[in-house]
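See below for the structure under consideration.
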Amino acid sequence: MDFDALLLLSFGGPDGPDDVRPFLENVTRGRGVPPERLDAVAEHYMHFGGASPINGINRALISQLEAAMPELPVYFGNRNWEPYIEDTVAAMRDNGIRRAAVFTTSAWGGYSSCRQYVEDIARGRAAAGAQAPELVKLRQYFDHPLFVEMFSEAIGAAAAQVPADLRDDARLVFTAHSIPVGADERYGPRLYSRQVGYATRLVAAAAGYDDYDQVWQSRSGPPQIPWLEPDIGDHLSALAAAGTKAVIVCPIGFVADHIEVVWDLDNELAELAAEAGITLVRTATPGADPRFARLAASLVEELRTGAAAARVDGPDPVPGYGCSVDGAPCSPHCFAD
């Protein structure tokens, strides 16, 4: 299967203060989120000048993708903010693109992390009309060797920042975005949480850790709806009560520094750790690491040549598909046509 372009498809984020509220309304449209909740989240963005860090990271990643795949023009589209996927697919159509690979900034299965991107692709193609290019979503990559390598090396770099007298006893804690338990059961069952747990085991082993914790963060919504637990804040409090003095936090669920990383971890969790007397060090995310671009290039090459998928073998492997509605799996590479 040959391609004449690559599309980087992401979540999107505001570029300035005037964008914040419209962006949040896009994200929550149809979900009945009360205005006061949007106001509270908007304040998080305002601490960073009203701009999401993901935008600059994605633009830097595009430069790395262009270097890794010089034969393919790289396009950029978002679900919730400019450049919108509909506009990007129309531009691809007008430029004569016939078939493009789609690399998403999510490594996982489930609805918001995979199926919703498939819906984004379908919506973009529908808006572009009959001449829309074929768009092929690349596979999930939570067990790719470069994914494991980037996070395991980031743990080593973070551990080196822990004071020497605390380093040997520092607790490694992996975190990913929580979702409702019902949503986790819908696609698998427990596809998303099992994939996160599997990637955590792979990365911990590569980093040389036998003992670690895996928790969740950034839950929202009515309290009567159960979400994946334990919450990272509650877990940090429990570690403090047990006498833990240093924690290394690895946001394995995020491939870049989203607002949930720079606010929820670097601000709120950091404050909680300081109050508890815990030294907290957060690992880097892949972001615009050249290896992340090479990971995308290898996924394209798998389809281009029919090569075997690059995966790290570990105990109790987890399926890499399952992002379609009602548990019916996508094709292995999530064709959106």
Taking every non-hydrogen atom, the tightest pair across [X] and [Y]:
X    : Y    : value
Y192 : A176 : OH-CB, 3.7 Å
A246 : V162 : CB-CG1, 4.0 Å
S10  : I54  : OG-CG1, 4.3 Å
L7   : G77  : CD1-N, 3.7 Å
V215 : P230 : CB-O, 3.4 Å
V33  : L38  : CG1-CD2, 4.0 Å

Side-chain donor or acceptor of [X] paired with backbone N/O of [Y] under 3.5 Å:
X    : Y    : result
Y45  : G16  : no
R37  : S220 : no
T244 : L239 : yes
N55  : G13  : yes
D184 : S193 : yes
S152 : A207 : no

Apply salt bridge (charged side-chain N to carboxylate O under 4.0 Å, His left out) to the pair R29 and E25, showing each step before the final yes or no.
CA-CA 6 Å; R29 183 174 291 118; E25 290 171 353; over 6 Å; no
Drop me the distance from [X]'s [atom1] to [Y]'s [atom2], to the nearest 0.5 angstrom.
X    : Y    : atom1 : atom2 : value
S63  : N58  : OG    : CG    : 11.0 Å
I225 : I179 : CD1   : CD1   : 12.5 Å
F11  : T105 : CZ    : OG1   : 9.5 Å
R294 : L299 : CZ    : CG    : 13.0 Å
I85  : R125 : CD1   : CZ    : 11.0 Å
E260 : R219 : CD    : CZ    : 14.5 Å

Where does the angle between the aromatic ring planes of W263 and H47 fall among parallel (under 30°), tilted (30 to 60°) and perpendicular (over 60°)?
tilted
Would you call the rings of H177 and W227 parallel, tilted or perpendicular, taking 30° and 60° as the class edges?
tilted
When hydrophobic residues are tied together by side-chain contacts of less than 4.5 Å, even through go-betweens, does [X] share a cluster with [Y]?
X    : Y    : answer
I252 : W216 : yes
M1   : V74  : yes
L135 : Y117 : yes
F174 : V196 : yes
Y212 : V312 : yes

Using a 3.5 Å cut-off and no angle test, enumerate the donor-acceptor pairs between side-chain atoms of residues 282-289 and protein atoms at least two apart in sequence or in another chain.
| from | atom 1 | to | atom 2 | distance (Å) |
| --- | --- | --- | --- | --- |
| R282 | NE | D266 | OD1 | 3.1 |
| R282 | NH1 | D257 | OD1 | 3.1 |
| R282 | NH2 | D257 | OD2 | 3.3 |
| R282 | NH2 | D266 | OD2 | 2.7 |
| T285 | OG1 | D257 | N | 3.4 |
| T285 | OG1 | D257 | OD1 | 2.7 |
| D289 | OD1 | R291 | N | 2.8 |
| D289 | OD1 | R291 | NE | 3.3 |
| D289 | OD2 | R291 | NE | 3.4 |
| D289 | OD2 | R291 | NH2 | 2.9 |

After noting the C-alpha distance and the side-chain angles of E134 and R98, does the key distance pass the side chain to side chain contact (heavy atoms under 4.5 Å, CB included) rule?
CA-CA 6 Å; E134 179 185 359; R98 302 304 300 272; over 6 Å; no
Student check: side-chain heavy atoms of [X] and [Y] closer than 4.5 Å:
X    : Y    : value
M150 : H144 : no
L65  : L6   : yes
D213 : L172 : no
R201 : D316 : yes
V255 : Y141 : yes
N26  : Y84  : yes
I278 : K245 : no
Q64  : P290 : yes

Start with the C-alpha gap between D87 and R93, add the side-chain angles, then the distance that decides, and say whether salt bridge (charged side-chain N to carboxylate O under 4.0 Å, His left out) holds.
CA-CA 10 Å; D87 297 332; R93 175 203 62 201; over 6 Å; no
Tell me whether the guanidinium CZ or amine NZ of R304 lies under 6.0 angstrom from the six-membered ring centre of F3 and within 45° of its axis.
no
Name the one of L236, V261, L280 that satisfies side chain to side chain contact (heavy atoms under 4.5 Å, CB included) with V249?
L280
Does CD belonging to Q131 count more than 12 external heavy atoms closer than 6.0 Å?
no
Just wondering, are more than 12 heavy atoms of other shown residues or ligands nearer than 6.0 Å to CZ in R190?
no
Any donor-acceptor N or O pair under 3.5 Å, side chains [X], [Y]:
X    : Y    : answer
E119 : Y111 : yes
H258 : S52  : no
Y75  : N95  : yes
Q217 : T175 : yes

Counting the benzene-type ring for Trp, do F151 and F142 have ring centres under 6.0 Å apart?
no
How about F147 and F292: are their ring centres within less than 6.0 Å of each other?
no
Do NZ/NE/NH1/NH2 and the carboxylate oxygens of [X] and [Y] come within less than 4.0 Å?
X    : Y    : result
D143 : R311 : yes
R99  : D4   : no
R123 : E86  : yes

Give the intermediate values and the outcome of side chain to side chain contact (heavy atoms under 4.5 Å, CB included) for residues V102 and T104.
CA-CA 6 Å; V102 183; T104 64; 4.2 Å; yes
Walk me through it: do V89 and I97 pass the test side chain to side chain contact (heavy atoms under 4.5 Å, CB included)?
CA-CA 9 Å; V89 177; I97 302 301; over 6 Å; no
